[in-house]
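Residues: numbered from 1 along the sequence shown. Just so you know, ligand 1 is whichever comes first in the structure, and atom 1 is the first atom listed for that ligand.
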Amino acid sequence: MTVETPRPGSRRLLMAGGGLPSLALALALKQAHGPALAVTVIDPGGADPARHRGRAYTLAAGGRRMLDRLGLWARTADAAEPITEMVISDSRLADPVRPVFLTFGREADEERGDGEPFAHMIEAEPLAVALAEACRAAGVAIETAGVVRALPEGSAIRATLTTGESLRGDLLVAADGARSRLREAARIGWVGWSYPQVGIVATIGHARPHGGRAFEHFLPAGPFAILPLRDGGSLGHRSSIVWTERSVDAEALLSGEPDEVLAEIERRFTLDLGALALEHGPSRHPLAFGIARAFRAERLALLGDAAHVIHPIAGQGLNLALADAAALAEAVTGALRLGLDPGGPDVLRAYERARRFDSFAMAATTDGLNRLFSNDALPLRLARDLGLGIVDRLPGLKRFFIGEAAAARGSRPRLMRGEAL
Ligand SMILES: Cc1cc2nc3c(=O)[nH]c(=O)nc-3n(C[C@H](O)[C@H](O)[C@H](O)COP(=O)(O)OP(=O)(O)OC[C@H]3O[C@@H](n4cnc5c(N)ncnc54)[C@H](O)[C@@H]3O)c2cc1C
């Protein structure tokens with residue numbers, strides 16, 4: 001193993017998990033502090049970008065600004081498609097038309113006054129490639145191993161790896177995903193449940209252009225989203241599908257031949273985008289809600305899905321995790337610039353204060369929306385049929401969908417505002 005030995009007097013950050021937000025944090029800190037901070041990312045998959053193949057994420061404007069600040073946007077913009085308009089409808093599968101109750105696009109951009117698209121769809125694999133390359137070039141060590149144990153030892157924390165070796169750092173970031181072993185080992189409580197739904201992800205090719213429009217149909221089994229990707233694929237144009245289905249029905253829906261699966265997608269698709277083809281997937285993802293009772297323990301910070309898991313109804317999980325990375329980078333940098341301990345309780349308290357409320361608010365809102373729409377919610381349908389436009393008037397709903405809810409409270413970390421650390 002070739003782990004960088006910290007120079008005398010320098011600090012070391014250990015990161016368990018090499019997912020996208022974790023690599024973004026490693027890069028931000030290494031760029032800001034150079035040799036004064038050794039950063040080691042430890043992941044059994046060695047942060048291999050192939051694990052992200054076929055996935056695409058809605059990246060809100062704050063996340064895009066952060067990638068730009070880290071010098072990554074120019075390298076990934078070819079894998080990103082701006083969303084020009086978002087159209088949301090509510091109906092049953094057999095309904096001949098899907099009544100639209102919320103549309104937003106340019107006015108959401110104009111409301112923010114910067115002319116920047118409110119979101120992009122970005123393909124995860126090229127983003128992971130750019131992040132891993134930039135991390136290595138900046139001097140971040142990426143180790144192929146798991147962390148099995150972590151023990152605080154006064155002014156440091158010791159992480160024991162699956163290889164039997166152990167590393168000491170000032171701070172350990174647990175970014176080891178929803179089933180975080182390190183969160184459990186630190187005895188941090190977790191409030192959560194599984195949804196009786198699965199998320200089905202696929203890339204669809206189509207003959208006609210999507211024009212940058214994103215659609216989300218709220219069907220009784222859950223939302224079905226069609227999200228624009230960069231042109232390409234066998235038919236010239238592509239979209240990403242994020243399809244929520246009842247777990248009990250998913251097996252039957254997905255066990256058929258590819259053309260049967262495509263026929264099920266077409267039944268829900270409703271857009272006139274010409275001939276369709278299945279380009280990638282479908283892949284299946286269990287869906288859950290969860291939030292940690294604390295985002296920190298002694299010399300340990302939880303980040304991303306290890307701290308909160310939310311329903312993909314608004315495509316905000318990665319955006320939340322990037323905001324965690326930006327906030328933790330800011331707290332650690334503040335301490336290092338003052339010559340203070342980057343793993344000390346003040347840093348961890350500042351991080352938790354910055355992130356817990358937003359994470360809880362986002363988790364609770366996504367859960368509420370899923371409950372409201374993923375059934376035959378009669379009062380809601382009645383309100384729609386009476387033309388009350390009730391959802392369009394729900395305060396903050398557009399802001400929520402464009403991931404700008406936090407910006408309204410001015411609590412966005414510097415990197416998400418596009419500013420340096
Ligand atoms: C169907 C679906 C659609 C989604 N769509 C969107 C979207 O459009 N926009 C959006 O913002 N978000 C979306 N999300 C959410 C997003 O995928 C997650 O929030 C995000 O990927 C979390 O990243 P993470 O790094 O925290 O966790 P993960 O990506 O799970 O990474 C955890 C890493 O930790 C490693 N690891 C595990 N155990 C250990 C250990 N013991 N030691 C060291 N390493 C370990 C793993 O190998 C892995 O690399 C979606 C989620 C789903 C399910």
What do the steps show when you test L13 against D170 for side chain to side chain contact (heavy atoms under 4.5 Å, CB included), and what is the final call? CA-CA 6 Å; L13 180 76; D170 298 278; over 6 Å; no
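- Within the 4.5 Å cutoff, the side chain of Q197 has heavy atoms near those of the H311 side chain.
- The nearest non-hydrogen atom to atom 27 (O) of ligand 1, considering only G177, S180, G304, comes from G177.
- Residue A16 comes nearest to V147 through the heavy atom pair CB-CG2, 3.7 Å, listed as atom of the first residue, atom of the second, then distance.
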Between S359 and D324, does the side chain to side chain contact (heavy atoms under 4.5 Å, CB included) criterion hold? Intermediate values first, please. CA-CA 9 Å; S359 307; D324 294 349; 4.3 Å; yes
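- Residue contact check: A175 has heavy atoms under 4.0 Å from atoms 32 (C), 33 (C), 34 (O) of ligand 1.
- Atom 40 (C) of ligand 1 has its nearest heavy-atom neighbour, among V147, L287, L14, in V147.
- Applying the ring-ring contact (aromatic ring centres under 6.0 Å, His included) test between F289 and each of Y195, W190, F360, W193 identifies W193 as the sole match.
- Counting non-hydrogen atoms of neighbouring residues, nucleotides and ligands closer than 6.0 angstrom, the CZ atom of R230 exceeds 12 such neighbours.
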Pair I265-F224, side chain to side chain contact (heavy atoms under 4.5 Å, CB included): steps then yes or no: CA-CA 9 Å; I265 291 174; F224 182 89; 4.1 Å; yes
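- Residue-level proximity to ligand 1 for P312 is carried by the side chain, the only part with a heavy atom below 4.0 angstrom.
- Interface atoms of ligand 1 facing R51, defined by a heavy-atom separation under 4.0 Å, are 28 (P), 29 (O), 31 (O), 48 (C), 49 (O).
- Distances below 4.0 Å separate heavy atoms of G317 from the following atoms of ligand 1: 10 (C), 11 (O), 12 (N), 15 (C), 19 (O).
- Evaluation of the ring-ring contact (aromatic ring centres under 6.0 Å, His included) test over residues 63-90, restricted to residues two or more places apart or in two chains, returns W73-H120.
- Nearest to atom 4 (C) of ligand 1 by heavy atom, out of Q316, E143, R149, R55, is R55.
- Polar contact check, R181 against ligand 1: no nitrogen or oxygen pair lies under 3.5 Å apart.
- If you check which protein heavy atom lies closest to atom 53 (C) of ligand 1, you get H285 CB, 3.8 Å.
- Listed here is the closest heavy atom pair of R183 and A292: CD-CB, 4.2 Å.
- What sits closest to atom 11 (O) of ligand 1 on the protein, heavy atoms only, is L318 N, 2.7 Å.
- Protein heavy atom at the shortest distance from atom 19 (O) of ligand 1 is D305 OD1, 2.8 Å.
- Using a 4.0 Å cut-off to heavy atoms of V201, the atoms of ligand 1 that qualify are 1 (C).
- Considering G199, G315, S283, P44 only, the shortest heavy-atom separation from atom 9 (N) of ligand 1 involves G315.
- Every side chain to side chain contact (heavy atoms under 4.5 Å, CB included) that H237 has, sequence neighbours left out, goes to H206, P209, D231.
- The protein heavy-atom contact nearest to atom 49 (O) of ligand 1 is D43 OD2, 2.6 Å.
- For atom 5 (N) of ligand 1, the nearest non-hydrogen atom of the protein is Y57 CD2, 3.7 Å.
- In this comparison of I42, D176, V242, the heavy atom closest to atom 43 (C) of ligand 1 sits on I42.
- Using a 3.5 Å distance cut-off with no hydrogens or angles, the side chains of R158 and S166 do pair a donor with an acceptor.
- Within the structure, ligand 1 has P21 among the residues with a heavy atom less than 4.0 angstrom away.
- Each of the following atoms of ligand 1 lies closer than 4.0 Å to a heavy atom of N319: 11 (O).
- The only member of R55, R53, H52, R238 that meets side chain to side chain donor-acceptor pair (under 3.5 Å) when paired with E123 is R238.
- Among protein heavy atoms, the minimum distance from atom 8 (O) of ligand 1 is reached at T58 N, 2.9 Å.
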